[in-house]
Every structure is written in C-alpha cells, then in structure tokens.
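Each remark here refers to the structure printed beneath this line.
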Amino acid sequence: MADERFLAKLWATIESRKADDGAGTSYTRQLLANPAKIRRKIAEEAYEVNEAHQGLVDGKDSKDHLAHEAADLLYHLFVLLASADVTPSEVYAILERRHAPASPGASGPSAGGKNP
Ligand SMILES: N=c1c2ncn([C@@H]3O[C@H](COP(=O)(O)OP(=O)(O)OP(=O)(O)O)[C@@H](O)[C@H]3O)c2ncn1[C@@H]1O[C@H](COP(=O)(O)O)[C@@H](O)[C@H]1O
C-alpha cells in the first residue's frame, strides 16, 4: 500500500531531473523549461480534479478517477514548487504550524501562521 512517504521519492526524482540538463525525453524537464506551461497545467489539473469530484458527488464518476486526477495535480504542483526552488518541507512546515495547538490567548489555526 502506497503512502505519503512516496512523495519524498517523487520529489527527489523531480529534483534530479532539474539537475540533469542532458538529452533524453523527460516530461518533467520539458515542464521545468517552460514555467508558463507548468502554471497552465496546474490550472488544468485543478479543473479536472473539480470535474472528477463533481462527477463522483453526482454518482456519475468513480473514486478511482478522482484519485488519478489528484495524482496529476500533486505531481504538477511538485514540479511548480521545484521550478521556484520552494521545497515540500517548507510547505509542510506551514501546514504543521497551522496544525499546532493554539497557544493560550491565540485563536484558530492562524495562531500557527496562515500567511507569510
Ligand atoms: N508522476 C508523474 C506524472 N503524473 C502525470 N504525469 C504526466 O503529466 C501529463 C498529464 O497528462 P495530460 O493528459 O493532462 O496532458 P498531456 O496531453 O499528456 O500533456 P500536455 O501536452 O498537456 O502537457 C502526462 O503526460 C503524464 O504522463 C507525470 N509525469 C511524470 N511523473 C513522474 O515524474 C518522474 C519523472 O518523469 P520524467 O520526467 O518523465 O522522467 C517519474 O517518476 C514519473 O513517474
């Protein structure tokens, strides 16, 4: 059974594609060379996630389809982050701070810092 630890492997592969400017076909390298395309793909994949979710809620689509679209979105999000030298650890740290129990006197998840 796959779990979120696989994301570290995927990130390492994306980083290795970024470091490797050799010849050969790599979809990741093609995306990294074209930042406008990465942004376009994120919008496209997010739309497809929404469509798959709508289909599922309406009883016309499967959980499997939604999972596939979510996988595409996660992959493209990682490529976008890699292109900007932002690591998943930085993202996880923000989520972790938001998740931390609020200190006395603070209110809600913003106590962990919702914005930069
Ligand atoms: N996880 C992924 C992954 N998820 C989705 N995709 C690609 O993302 C594209 C999305 O498909 P679409 O149908 O939306 O678009 P398309 O028409 O095929 O492509 P576009 O012309 O729109 O870009 C497909 O080409 C998929 O193959 C991925 N491509 C690569 N990876 C992983 O990235 C790593 C490096 O891959 P390479 O860069 O290809 O070596 C490997 O571990 C791969 O498993």
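Residues: numbered from 1 along the sequence shown. When a ligand or atom number is given, it counts from 1 through the structure's own listing order.
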Check your understanding: Any link between Ile38 and Val91 through a network of hydrophobic side chains (Ile, Leu, Val, Met, Phe, Trp, Tyr) touching at under 4.5 Å?
Key -> yes
Practice item. Assess whether atom OH of Tyr92 is packed by more than 12 heavy atoms of other residues, nucleotides or ligands within 6.0 Å. Key: yes
Check your understanding: Relative to the heavy atoms of His76, which atoms of ligand 1 are at a distance of less than 4.0 Å?
Key -> 8 (O), 10 (C)
Point to revise | ligand 1 atoms in contact with Thr28 (distance to a heavy atom under 4.0 Å) | key: 33 (O), 35 (C), 36 (O), 37 (P), 38 (O)
Review point. Do Gln54 and Asp58 get their side chains close enough for a donor-acceptor pair, meaning under 3.5 Å?
Key: yes
Check your understanding: Where is the nearest protein heavy atom to atom 33 (O) of ligand 1: which residue, which atom, and how far?
Key -> Tyr75 CE1, 3.4 Å
Side-chain donor/acceptor pairs under 3.5 Å, residues 68-85, sequence neighbours excluded:
residue	atom	partner	partner atom	Å
His68	ND1	Asp64	O	2.9
Glu69	OE2	His65	NE2	3.0
Tyr75	OH	Thr28	OG1	2.8
His76	ND1	Asp72	O	2.7
His76	NE2	Tyr27	OH	3.2
Ser83	OG	Leu80	O	2.6
Asp85	OD1	Lys18	NZ	2.6

Exercise for review: Using a strict 4.0 Å cut-off to heavy atoms of Lys37, name the atoms of ligand 1 that fall inside it.
Suggested key: 20 (P), 21 (O), 23 (O)
Point to revise | Exercise check, heavy-atom protein proximity under 4.0 Å to atom 7 (C) of ligand 1 | key: yes
Review point. So, do Glu96 and His99 sit near enough that their side-chain heavy atoms are less than 4.5 Å apart?
Key: no
Revision key, fill the gap. Counting from 1 in the order shown, the ligand 1 atoms closer than 4.0 Å to a non-hydrogen atom of Asp72 are 4 (N), 5 (C)
Exercise for review: Check if Lys9 has a non-hydrogen atom at a distance under 4.0 Å from any atom of ligand 1.
Suggested key: no
Review point. Quick one: nearest non-hydrogen protein atom to atom 12 (P) of ligand 1, plus distance?
Key: Lys41 NZ, 3.7 Å
Review point. Should one rank Trp11, Phe6, Tyr27 by closest heavy-atom distance to atom 9 (C) of ligand 1, which comes out on top?
Key: Tyr27
Practice item. Name the closest protein heavy atom to atom 43 (C) of ligand 1, giving the residue it belongs to and the distance to 0.1 Å. Key: Leu10 CD1, 4.9 Å
Point to revise | Validation row: Leu66, Val49 side chains within 4.5 angstrom (heavy atoms) | key: yes
Revision key, fill the gap. Here the gap from Leu32 atom CG to Lys37 atom NZ, rounded to the nearest 0.5 Å, amounts to 12.0 Å
Point to revise | In one Ile/Leu/Val/Met/Phe/Trp/Tyr side-chain cluster, 4.5 Å: Ile94, Trp11 | key: no
Practice item. Return a yes/no value: protein heavy atom under 4.0 Å from atom 17 (O) of ligand 1? Key: no
Practice item. Could you tell me whether atom 22 (O) of ligand 1 has at least one protein heavy atom nearer than 4.0 Å? Key: yes
Check your understanding: Are there protein heavy-atom neighbours of atom 3 (C) of ligand 1 below 4.0 Å?
Key -> yes
Point to revise | Test item, Glu45 contacting ligand 1 (heavy atom, 4.0 angstrom) | key: yes
Review point. Nearest protein heavy atom to atom 29 (N) of ligand 1: under 4.0 Å?
Key: yes
Exercise for review: Find all atoms of ligand 1 within a distance of less than 4.0 Å from any non-hydrogen atom belonging to Thr13, and give their numbers and elements.
Suggested key: 34 (C), 35 (C), 42 (O)
Point to revise | Separation between CD of Glu51 and NZ of Lys60, rounded to the nearest 0.5 Å | key: 10.5 Å
Exercise for review: Check the hydrophobic clustering (I, L, V, M, F, W, Y; side-chain heavy atoms under 4.5 Å; chains of links allowed) and say if Leu31 and Val86 are grouped together.
Suggested key: yes
